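Report on the structure given below.
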Amino acid sequence: MANISFIVKQKLESAIKILCRDFSSHVKRPGKDFSRNRKLPFEEVIRFLLPLQGQCMDQELFRHFSKKPLFFSTDYSGIPHSSAMIQARQKLSDSAMPALFHSFTETCKKGALFQGYQLLAIDGSQFSVPENLKEPLCWRKIPNISKGRNVIHLNAMYHLQSGIFEDVVFQPICECNEHKALAQMVDRRSSAFPAIFMADRGYESYNTFAHIEQKGDKYVVRGRESGTGICSGLNLPDTEEYDIEKELYICKKHSKKVKTNPRKYKRIRSDATFDFFTDDCEEYRLNLRIVKIKLSETTTEVLFTNLSKEEFSADDLKRLYHMRWGIETAFDQLKYALGAASVHSKNSELIIQELYGKRIMFNFCKTIVGGIAVKQQEYWKYEYKLNIKMAMCICREFWCSQTLAAPEVEKMLLNYLVPIRDNRTFPRDTVKKSAIAFNSRIA
């Protein structure tokens, strides 16, 4: 626990310094942007984006710069206005915030392995942002209403053991393709340890399975039990539970061999995406394990995996897939504990800058939280953990403050604990959240 918050802060400071050394690679006009001595240099703009909250832009600027002696004066005339910050942010290229995100995330401790594997959850979440008709790829009409809303879709790879976002892909809602985003994140991942990728029903695809398999990793993906999912074409038993293995050959041909062996050959549509056919080989061999598990008297789930029965039993897979829920709670913490649901622009480019900043701050907070152990007391009825909402508030203040010391931060974090109550369930809120208007921000 010793000085974990200080160590993590130094890592983020170092990542920013490395980015600033070559800032000309991360601006739109190298040699011109941020070349003059102004109130808002490249580094200050980057630092401003990290702890943004849900207030209006002028309030955010006041809170951020009033703590800095360089900008402070008796009449606060040194604090930049919102228009100056917007112009400065428009000078950043698309590579600036992603470069900082990946640089810092690589330094974060990834936690212990789970039976020799890293556990990575894949999922997507939509961010409703203020309507902007100038960006039709992000605009979506609201049913039964003349108005619409702009939506940016986030695809994320979440490290379950350490509780941090390892990779992200942003897509405008009209170009949303979760399968493509997953393949992109899987292909660019580099690690010395194998991983188990876990994903919900929207990600079941032979192409997804092949991408993960080609990287030498494992997967546990939930499938649709009805409709047009993979299960509908596999001739599976009509029982409450099963655990079977199948050897399949994926192809697009409609030859006699394929027609006469429907259980062995799985023909996909000619326009379906599959990235592993070649001119010499138009078939792809896939060993697939299909497990149906019973969650309750009325609820079952079907899981696709390439994990062997000897390594993981059906009950092990049930527990493993249950851990995937960590990414759902992470999205909730990101949007509401850190304020990612409140953005400060209509421009998708500037919005993505903010969302990258939120993920960097999320990883900063969760890395500190993960390094602090809560000493359990015998007289407690429950085991306790850190209150993550208060922890994010304290860690964000620690990042902004020039006087708050690391030991004080760790004492404050341990002052806010919540009980761990397992096996609780609540109805899931599926109502689409509207964008938070600029003139309806908190005080």
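The analysis underlying the following values was restricted to heavy atoms, covering all of them including side chains, and did not include hydrogens, waters or symmetry mates. Keep in mind it's a predicted model, so treat the numbers as computed, not measured.
Nearest approach of Ser348 to Cys138, heavy atoms of both residues: CB-SG, 4.2 Å. Here the closest non-hydrogen pair linking Gln171 and Asn177 is OE1-N, 3.0 Å. The heavy-atom pair separating Cys395 from Phe364 by the smallest distance is O-CE2, 3.4 Å. Contact detail for Val291 and Ala314: the closest heavy-atom pair is CG1-CB, 3.8 Å. Of all non-hydrogen atoms in Asn306 and Asn287, the two that sit nearest each other are CB-O, 4.4 Å. Considering every non-hydrogen atom in both His344 and Cys56, the closest pair reads CD2-C, 4.2 Å.
A donor-acceptor pair under 3.5 Å links the side-chain atoms of Glu60 to the main chain of Gln53, judged by distance alone. A donor-acceptor contact shorter than 3.5 Å links the side chain of Asn347 to the backbone of Glu349. Side-chain atoms of Asp167 do not come within 3.5 Å of backbone N or O of Met157 as any donor-acceptor pair. In this structure a side-chain-to-backbone donor-acceptor pair under 3.5 Å is missing from Ser401 to Glu397. Side-chain N or O atoms of Lys110 include one that pairs as donor or acceptor with a backbone N or O of Cys108 at under 3.5 Å. In this structure a side-chain-to-backbone donor-acceptor pair under 3.5 Å is missing from Asp217 to Ile212. At least one donor-acceptor pair under 3.5 Å links the side chain of Ser35 to the backbone N or O of Lys32. Between the side chain of Glu204 and the main chain of Arg224, a donor-acceptor pair closer than 3.5 Å is present. Looking at Glu135, its side chain never comes within 3.5 Å of a backbone N or O of Asn150 through a donor-acceptor pair. When atom types are taken as modelled, the side chain of Asn132 and the backbone of Lys346 share a donor-acceptor pair closer than 3.5 angstrom.
With 3.5 Å as the limit, one finds no donor-acceptor pair spanning the side chains of His26 and Ser93.
Here the side chains of Leu338 and Arg396 are in contact, with some heavy-atom distance below 4.5 Å. For the pair Arg359 and Met97, the minimum side-chain heavy-atom distance is 4.5 Å or more. Residues Val409 and Ile394 are in side-chain contact: their nearest non-hydrogen atoms beyond the backbone lie under 4.5 Å apart. Between Asp200 and Arg324 the shortest side-chain heavy-atom distance falls below 4.5 Å. Contact of the Phe304 side chain with the Ile290 side chain is registered, since non-hydrogen atoms from C-beta on lie closer than 4.5 Å. Counting only heavy atoms from C-beta outward, the side chains of Phe331 and Phe165 approach each other to under 4.5 Å. Between Asn155 and Ile122 the shortest side-chain heavy-atom distance does not fall below 4.5 Å. Within the 4.5 Å cutoff, the side chain of Lys91 has no heavy atoms near those of the Val45 side chain.
Tyr416 OH: 12 or fewer foreign heavy atoms inside a 6.0 Å radius. Residue Lys28 qualifies as enclosed at atom NZ: its count of foreign heavy atoms under 6.0 Å is above 12. Other residues, nucleotides and ligands contribute at most 12 non-hydrogen atoms within 6.0 Å of the CG atom of Asn37. Counting non-hydrogen atoms of other residues, nucleotides and ligands closer than 6.0 Å to CZ of Arg36 gives a total of 12 or fewer.
Ionic pairing of Lys253 and Glu283 is present here: one or more N-O contacts between side-chain nitrogen and carboxylate oxygen are shorter than 4.0 angstrom. With respect to Arg201 and Glu225, no salt bridge is recorded, no charged nitrogen being found less than 4.0 Å from a carboxylate O. A salt bridge links Arg189 to Glu166: at least one charged side-chain nitrogen sits closer than 4.0 Å to a carboxylate oxygen. Note on Glu175 versus Lys180: no salt bridge recorded, every NZ/NE/NH1/NH2 to OD/OE distance being 4.0 Å or above. Classification of Lys17 and Glu43 as a salt-bridged pair holds, one side-chain N sitting under 4.0 Å from a carboxylate O.
Using a 30° and 60° split on the angle between ring planes, Phe42 and Phe34 fall in the perpendicular class, above 60°. Classified by interplanar angle (parallel below 30°, tilted 30° to 60°, perpendicular above 60°), the ring pair Tyr117/Phe312 is tilted. Ring-plane geometry between Phe276 and Phe274 is classed as perpendicular, the angle between the planes exceeding 60 degrees on a 0 to 90 degree scale with a lower cut at 30.
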Task: Verdict with reasoning, Tyr284 to Glu213, per side chain to side chain contact (heavy atoms under 4.5 Å, CB included) - done: CA-CA 12 Å; Tyr284 183 89; Glu213 190 179 79; 2.9 Å; yes

Open item on the list: Assess the residue pair Lys335 and Ser125 against the criterion (side chain to side chain donor-acceptor pair (under 3.5 Å)); give the C-alpha distance rounded to whole Å, side-chain angles, the decisive distance to 0.1 Å, and a yes or no.
Closed with: CA-CA 10 Å; Lys335 289 182 177 181; Ser125 183; 2.8 Å; yes

Task: Check against side chain to side chain donor-acceptor pair (under 3.5 Å), Glu301 and His322 - done: CA-CA 11 Å; Glu301 282 182 353; His322 179 71; over 6 Å; no

Open item on the list: Between His64 and Met85, is the side chain to side chain contact (heavy atoms under 4.5 Å, CB included) condition met? List the steps.
Closed with: CA-CA 12 Å; His64 181 79; Met85 176 56 72; over 6 Å; no

- [ ] Would you please test Leu182 and His211 for side chain to side chain contact (heavy atoms under 4.5 Å, CB included) and show each step?
- [x] CA-CA 9 Å; Leu182 183 148; His211 269 276; 5.6 Å; no

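Between Lys385 atom NZ and Ile420 atom CD1 the span is 6.0 Å, to the nearest 0.5 Å. Leu50 CG to Leu12 CG: the interatomic distance, rounded to the nearest 0.5 Å, is 6.0 Å. Annotation: the span from Ile327 atom CD1 to Asp332 atom CG amounts to 13.0 Å, rounded to 0.5 Å. Annotation: the span from Leu320 atom CG to Thr305 atom OG1 amounts to 8.0 Å, rounded to 0.5 Å. Remark: Ile230 CD1 to Leu248 CG distance equals 9.0 Å, nearest 0.5 Å. The CD1 atom of Ile388 lies 9.0 Å from the OG1 atom of Thr329; values are rounded to the nearest 0.5 Å.
The salt bridge (Lys or Arg N to Asp or Glu O under 4.0 Å) with Glu247 is formed by just one residue from the set Lys266, Arg285, Arg263; it is Arg285. When the options Thr107, Ile164, Ile368, Val8 are evaluated for a side-chain contact (heavy atoms from CB on, under 4.5 Å) with Asn363, the one that passes is Ile164. Among the candidates Phe209, Tyr321, Tyr206, Tyr203, the single residue satisfying the ring pair (Phe, Tyr, Trp, His ring centres under 6.0 Å) test with Tyr219 is Phe209.
The ring of Phe170 has its center closer than 6.0 angstrom to the ring center of Tyr356.
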